[in-house]
Enquirer: 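Below you'll find the structure I mean.
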Amino acid sequence: MARTEPLQERKKVNTMGKCILIGAGDLTMGELSVTEEDYVIAVDGGLGYCGLLHVEPDLIIGDCDSMTEQEKLAVEQLQQTVPEKICRLPECKDDTDMLAAIKRGLELGYTDFRIYAATGGRFDHTLANIQCLLYLKNHGAVGYLVDGTGMVLVLQNEAVHFRKELEGTMSLFALTKEVKGVNIRGMKYPLENAVITNDFPIGISNEFLGEEAEVSVEDGELVCMIRYYEDEV
């Protein structure tokens, strides 16, 4: 089922739509809202999910290692008819398929990235996709790993506000050795000017209380994982 955006509205940096990336991880949702302003990239085996989500990708990018034989054949046919929609990557490369897709979206001028089917499956791919969120932050953009049960974002020297309608839990994890000046307000377990380290998971399983909540970071990077309550899914 579709969800209300859990974050409070923030000032838009431009009038473009979102860059929507569909990966080959676990798909835990059955519909996807896409506007004419959005740009959709199927990342390798994520092409197989596009049909399930009734989404037509603007670009298919990857080395095809997670595609089925039928999908590989479809890509070969598209490369003959609409080559601009295909970006074949070599198997031996430094960038993951997802990072290559993110770089393409940045080149096109997008600053708001929504990444679907990017968790579950291989844990190393999930961790790599979380690192991609930090890459986006470091390049003037923002990204979210989104699925039907929650979302993941990265906070970097900023404050993020959450809507009072949000029900579920939130966990915070330090990406750097120390994250300083962490404040949590409007949640079950508040923090004030705290230091969170990457060897002590004190930020696990906080709870929303039906009021507007805020998390702020003065110095450092935090991974923020939100899980919706099961009866909301």
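In what follows, residues are counted from 1 in the order of the sequence shown.
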Enquirer: Looking only at side-chain N and O atoms, does Thr28 offer a donor or acceptor that is under 3.5 Å from a partner on Asp26?
Expert: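 No, no side-chain donor-acceptor pair sits under 3.5 Å.
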Enquirer: Listing request: all side chain to side chain donor-acceptor pair (under 3.5 Å) pairs with a residue in residues 77-88, at least two apart in sequence or in separate chains.
Expert: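 Only Glu56-Lys85 qualify under side chain to side chain donor-acceptor pair (under 3.5 Å).
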Enquirer: Apply side chain to side chain contact (heavy atoms under 4.5 Å, CB included) to Glu207 and list each qualifying residue two or more places apart in sequence or on a separate chain.
Expert: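 Glu207: side chain to side chain contact (heavy atoms under 4.5 Å, CB included) contacts with Thr169, Lys188, Tyr229.
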Enquirer: Under 3.5 Å, is there a donor-acceptor pair linking the side chains of Gln156 and Asn138?
Expert: yes
Enquirer: Can a salt bridge be assigned to the pair Asp147 and Arg227 using a cut-off of 4.0 Å between side-chain N and carboxylate O?
Expert: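 The answer is yes: the pair qualifies as a salt bridge.
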Enquirer: Between Asp95 and Lys93, does at least one N-O distance fall below 4.0 Å, as a salt bridge requires?
Expert: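 Looking at Lys93 together with Asp95, the answer is no, because their closest N to O distance does not fall below 4.0 Å.
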Enquirer: Determine whether Lys72 and Gln70 make a side-chain contact, defined as any pair of heavy atoms from C-beta on separated by less than 4.5 Å.
Expert: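 They are not in side-chain contact.
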Enquirer: Between CE of Met16 and CG of Asp112, what distance do you get to the nearest 0.5 Å?
Expert: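 Answer for the CE-CG pair, Met16 versus Asp112, is 10.5 Å.
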Enquirer: Tell me whether Glu212 is salt-bridged to Lys164, with the criterion being a basic N under 4.0 Å from an acidic carboxylate O.
Expert: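 Not counted as a salt bridge, because no side-chain N and carboxylate O are separated by less than 4.0 Å.
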Enquirer: Is the Tyr144-Phe113 ring centre distance short of 6.0 angstrom?
Expert: no
Enquirer: Within a reach of under 6.0 Å around CG of Leu175, are more than 12 heavy atoms found that belong to other residues, nucleotides or ligands?
Expert: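 Yes, CG of Leu175 has more than 12 neighbouring heavy atoms, counting only those of other groups under 6.0 Å.
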Enquirer: Does this structure show an ion pair linking Asp38 with Lys18, if we count only N-O contacts that are shorter than 4.0 Å?
Expert: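 Yes.
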Enquirer: In terms of side-chain heavy atoms, does Thr35 have a donor or acceptor partner in Glu37 at a distance below 3.5 Å?
Expert: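 Looking only at side-chain atoms, Glu37 and Thr35 do form a donor-acceptor pair, the distance falling under 3.5 Å.
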Enquirer: To the nearest 0.5 Å, what is the distance between CD1 on Ile204 and CE on Met170?
Expert: 10.5 Å
